[in-house]
Amino acid sequence: MQFTLSRTPYSSPVARALCDEVQAEYVARYGAGDMTELADAEFDPPNGDFIVVYDESGTAVGCGGWRSHGEDAEMKRVFVRASARRQGLAKRIVAAVEASAAAAGRKRLILETGPMQPEAVAMYALLGYTPVPAFGYYSEADGSIHLGKELGSDNPY
């Protein structure tokens, strides 16, 4: 199956629908959604970006983005619908987010995740993400996992 990654405003209905699904996933895994405050404009270039993955029929099946966090880029809302999982899409989303952040001059990408997302933790480790000092809304939450990766010019995406 062919997939297309496309820059999409965070405020768009398609992005909103995917983010609502992300929140439902968090509720299922953690009992509550992500409480981090996000403003639509935070994902507008050049200080952020939001990417949606579409399948060959034009259906949105995944997303991810970044927003400025000081001199870093913070990755948010990496998600693939259950029907499209196990096809490498999350890795493609992360690569696209990395490339976008690097193109905007960011040197490091950071993220927060949690222990109830072991597949995400494993993927980030495989992609070279390592522990960084805790930050953000969940900086003092038990079990919160904070990871980061230096961005370089070697990203092929």
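Since we're looking at a predicted model, the values are computed, not measured.
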Exercise. Where the side chain of Arg67 meets the backbone of Phe43, is there a donor-acceptor pair that is under 3.5 Å apart?
Worked result: no
Exercise. How many angstroms lie between CG in Leu109 and CE in Met75, if you round to the nearest 0.5 Å?
Worked result: 4.5 Å
Exercise. Side-chain heavy atoms under 4.5 angstrom apart, residues restricted to Ile, Leu, Val, Met, Phe, Trp, Tyr: same cluster for Trp66 and Val14?
Worked result: no
For this session: Could you check whether the rings of Tyr10 and Phe50 sit parallel, tilted or perpendicular, using 30° and 60° as the cut-offs?
Result: perpendicular
Exercise. Can you get from Met123 to Val61 by hopping between Ile, Leu, Val, Met, Phe, Trp and Tyr side chains that sit under 4.5 Å apart?
Worked result: yes
Seminar exercise, completed: Output for pair (Leu151 CG, Lys107 NZ), nearest 0.5 Å, gives 9.0 Å
Seminar exercise, completed: Tightest non-hydrogen contact, residues Ile93 and Gly62, listed as CD1-C, 4.1 Å
For this session: Please say which of Arg77, Lys76, Arg81 ends up in a side-chain contact (heavy atoms from CB on, under 4.5 Å) with Phe79.
Result: Arg81
Problem set entry | Heavy-atom closest pair, residues Gln87 and Ser83 | NE2-O, 4.2 Å
For this session: Compare all side-chain heavy atoms of Val97 with those of Asp49 and state whether any distance is below 4.5 angstrom.
Result: no
Exercise. Looking only at heavy atoms, what is the nearest atom pair of Gly143 and Pro115, with distance?
Worked result: O-CD, 3.1 Å
For this session: Decide yes or no for Val53 and Val80: does some side-chain heavy atom of the first lie under 4.5 Å from some side-chain heavy atom of the second?
Result: no
For this session: Let me see the working for Ser100 and Arg106 under side chain to side chain donor-acceptor pair (under 3.5 Å), right down to the final yes or no.
Result: CA-CA 9 Å; Ser100 172; Arg106 302 303 167 145; over 6 Å; no
Problem set entry | By ring-ring contact (aromatic ring centres under 6.0 Å, His included) - contacts of Tyr124 (at least two apart) | Tyr129
Seminar exercise, completed: In this structure, CG of Leu111 is separated from CG of Leu147 (nearest 0.5 Å) by 5.0 Å
For this session: Applying salt bridge (charged side-chain N to carboxylate O under 4.0 Å, His left out), name anything that partners Glu140, two or more places apart in sequence or on another chain.
Result: none
Exercise. Distance from Leu89 atom CG to Cys63 atom SG, nearest 0.5 Å?
Worked result: 11.5 Å
Exercise. Does the side chain of Tyr30 come under 3.5 Å of the side chain of Gln117 through a donor N or O and an acceptor N or O?
Worked result: yes
Exercise. Roughly how far apart are Thr113 OG1 and Asp34 CG, rounded to 0.5 Å?
Worked result: 10.0 Å
Problem set entry | Nearest heavy-atom neighbours spanning Ser11 and Asp40 | CB-OD2, 3.3 Å
Seminar exercise, completed: Interatomic distance, CG@Leu127 vs CD@Glu98, rounded to 0.5 Å, equals 6.5 Å
Exercise. Do other residues, nucleotides or ligands put more than 12 heavy atoms under 6.0 Å from the CD atom of Glu56?
Worked result: yes
For this session: Could you tell me whether a side-chain N or O of Thr8 sits under 3.5 Å from a main-chain N or O of Ser6, the two making a donor and an acceptor?
Result: yes
Exercise. Any sub-3.5 Å donor-acceptor pair from Glu42's side-chain atoms to Ser68's backbone N or O?
Worked result: no
Exercise. Do Val78 and Val121 share a hydrophobic cluster, counting only Ile, Leu, Val, Met, Phe, Trp and Tyr and linking them when any side-chain heavy atoms are less than 4.5 Å apart?
Worked result: yes
Problem set entry | Minimum side-chain heavy-atom gap Thr36-Glu112 below 4.5 Å | yes
Exercise. For the residue pair Ala73 and Ala101, what are the closest heavy atoms and their distance?
Worked result: CB-CB, 3.7 Å
Exercise. Taking a hydrophobic cluster as the set of Ile, Leu, Val, Met, Phe, Trp and Tyr residues connected by side-chain heavy atoms closer than 4.5 Å, whether directly or through intermediates, do Tyr26 and Leu38 fall within one such cluster?
Worked result: yes
